[in-house]
Amino acid sequence: AKNINHSPATLQSAGYLRLGIECEVAARLGQDLPASGAPYNRDQVAEAVDAIMPAFEVIDGGRGSEIEDRQARLLASIATNISNAGIVLGSPVADWRKVDLAASSGSMTINGELVGEGHGSDVMGHPLEPLVWLANMLAKRGKSLTAGTVVITGSIVTPKFLSPGDVATVALEGIGEASLKVS
């Protein structure tokens, strides 16, 4: 909970080794996805989602820097999710089903300059596919996702790194924006 921020947010650069961000779609569950209901498909997962939000995944690109071998550092980062340092969420959108999430474009600006663009389909073909995968993988381990859980579903824009004074915005077509500044 201490790493969940709401837009507009201010992040303290001193709290990170190398502060970075990614443009993501966040999904908040309004219903449980119990292990007993698996395997899930996208339609079933979509029924459980009560809101979609634009989001930043906050990353700390300096974590794991003590691992000298670049390939080993990358694999350790993926396996342990050591670069995740939180999220910044935009306003929840309850009527998100009106939006074609796969076709929807996403963009990121830093200090007013466009630094990346993508589409919802850039994340496993549809932004809800990672949530389907997560629900099914947890179910194989006897675990469930519960109502109220927020899941970020993968980056639409490649990671960008920030400096003190930077202001960043992510925008998702049909969903809205989230913003943050670095002090």
Q: Check each of Val151, Val49, Asp50 against Arg28 using the side chain to side chain contact (heavy atoms under 4.5 Å, CB included) test, and report the only one that passes.
A: Asp50

Q. Passes side chain to side chain donor-acceptor pair (under 3.5 Å), Gln12 versus Ser183? Steps please.
A. CA-CA 5 Å; Gln12 306 296 320; Ser183 64; 2.9 Å; yes

Q. About how many Å separate CD1 of Ile152 and SG of Cys23, when rounded to the nearest 0.5 Å?
A. 11.0 Å

Q: Assess whether side-chain contact (heavy atoms from CB on, under 4.5 Å) is satisfied between Asp32 and Ser144, documenting all intermediate values.
A: CA-CA 7 Å; Asp32 293 347; Ser144 303; over 6 Å; no

Q.
Main chain of Leu162, side chain of Asp166: is a donor-acceptor contact present, judged purely on distance under 3.5 Å?
A. no

**Q.** Closest non-hydrogen atom pair between Leu33 and Gln44, with its separation
**A.** CD2-O, 4.4 Å

Q: Give a yes or no answer on whether the side chain of Arg97 reaches the backbone of Ala46 with a donor-acceptor pair at less than 3.5 Å.
A: yes

Q.
Are the side chains of Ile175 and Trp96 in contact, using a 4.5 Å heavy-atom criterion?
A. yes

Q. Between Thr158 and Lys160, does any side-chain donor sit less than 3.5 Å from a side-chain acceptor?
A. yes

Q.
What I'd like to find out is whether the side chain of Tyr40 reaches to under 4.5 Å of the side chain of Pro34, using heavy atoms alone.
A. yes

(Q) Hydrophobic cluster membership, with links at side-chain heavy-atom distances under 4.5 Å among I/L/V/M/F/W/Y: are Leu89 and Leu134 in one? (A) no

Q: Enter the distance from Ile21:CD1 to Phe161:CZ here, rounded to the nearest 0.5 Å.
A: 10.0 Å

**Q.** Nearest heavy-atom neighbours spanning Glu22 and Pro159
**A.** OE2-CG, 3.2 Å

Q. Does some side-chain heavy atom of Val150 sit less than 4.5 Å from a side-chain heavy atom of Met53?
A. yes

(Q) Looking at every non-hydrogen atom in both residues, tell me the closest pair between Ala178 and Phe56 and how far apart they are. (A) O-CE1, 3.4 Å

Q.
Quick one, Leu138 and Leu145 - any side-chain contact, counting heavy atoms below 4.5 Å?
A. yes

Q. Out of curiosity, Lys181 NZ to Asn111 CG, how far, rounded to the nearest 0.5 Å?
A. 12.5 Å

Q) Linking I/L/V/M/F/W/Y whenever any side-chain heavy atoms sit under 4.5 Å apart, do Ile4 and Ile59 land together? A) no

Q: Working to the nearest 0.5 Å, report the span between CG of Leu19 and CG of Leu11.
A: 6.0 Å

Q) Going by atom types alone, do Thr169 and Glu177 pair a side-chain donor with an acceptor below 3.5 Å? A) no

Q: Report yes if the side chains of Lys98 and Asp95 come closer than 4.5 Å at any heavy-atom pair, otherwise no.
A: yes

Q. Roughly how far apart are Ser163 OG and Ile110 CD1, rounded to 0.5 Å?
A. 9.0 Å

Q) Between the main-chain N or O of Ser105 and the side-chain N or O of Glu173, is there a donor-acceptor pair closer than 3.5 Å? A) yes

Q | Closest contact, heavy atoms only, Pro39 versus Asn136 | A | CA-OD1, 3.3 Å

**Q.** Nearest heavy atoms of Ser13 and Pro164, plus distance in Å
**A.** OG-CG, 3.4 Å

Q | Of Ile156, Leu128, Leu101, Val25, the residue whose pairing with Val123 passes side chain to side chain contact (heavy atoms under 4.5 Å, CB included) | A | Ile156

Q.
Once rounded to the nearest 0.5 Å, what's the spacing between atom NE2 of His6 and atom CG of Leu180?
A. 13.5 Å

Q) Do side-chain atoms of Asp60 reach the backbone of Arg18 as a donor and acceptor pair under 3.5 angstrom? A) yes

Q | Stepwise side-chain contact (heavy atoms from CB on, under 4.5 Å) test for Val157 and Val170 | A | CA-CA 9 Å; Val157 175; Val170 292; over 6 Å; no

Q) Same cluster or not: are Val182 and Val167 linked, directly or through other Ile, Leu, Val, Met, Phe, Trp or Tyr residues, by side-chain heavy atoms under 4.5 angstrom apart? A) no

Q. Is Leu29 close to Thr146 at the side-chain level, that is, under 4.5 Å between some pair of heavy atoms?
A. no

Q: Assess whether side-chain contact (heavy atoms from CB on, under 4.5 Å) is satisfied between His119 and Asp122, documenting all intermediate values.
A: CA-CA 5 Å; His119 292 87; Asp122 295 340; 4.2 Å; yes

(Q) Quick check: closest heavy atoms across Ser7 and Ser179, and the distance to 0.1 Å? (A) OG-N, 2.8 Å

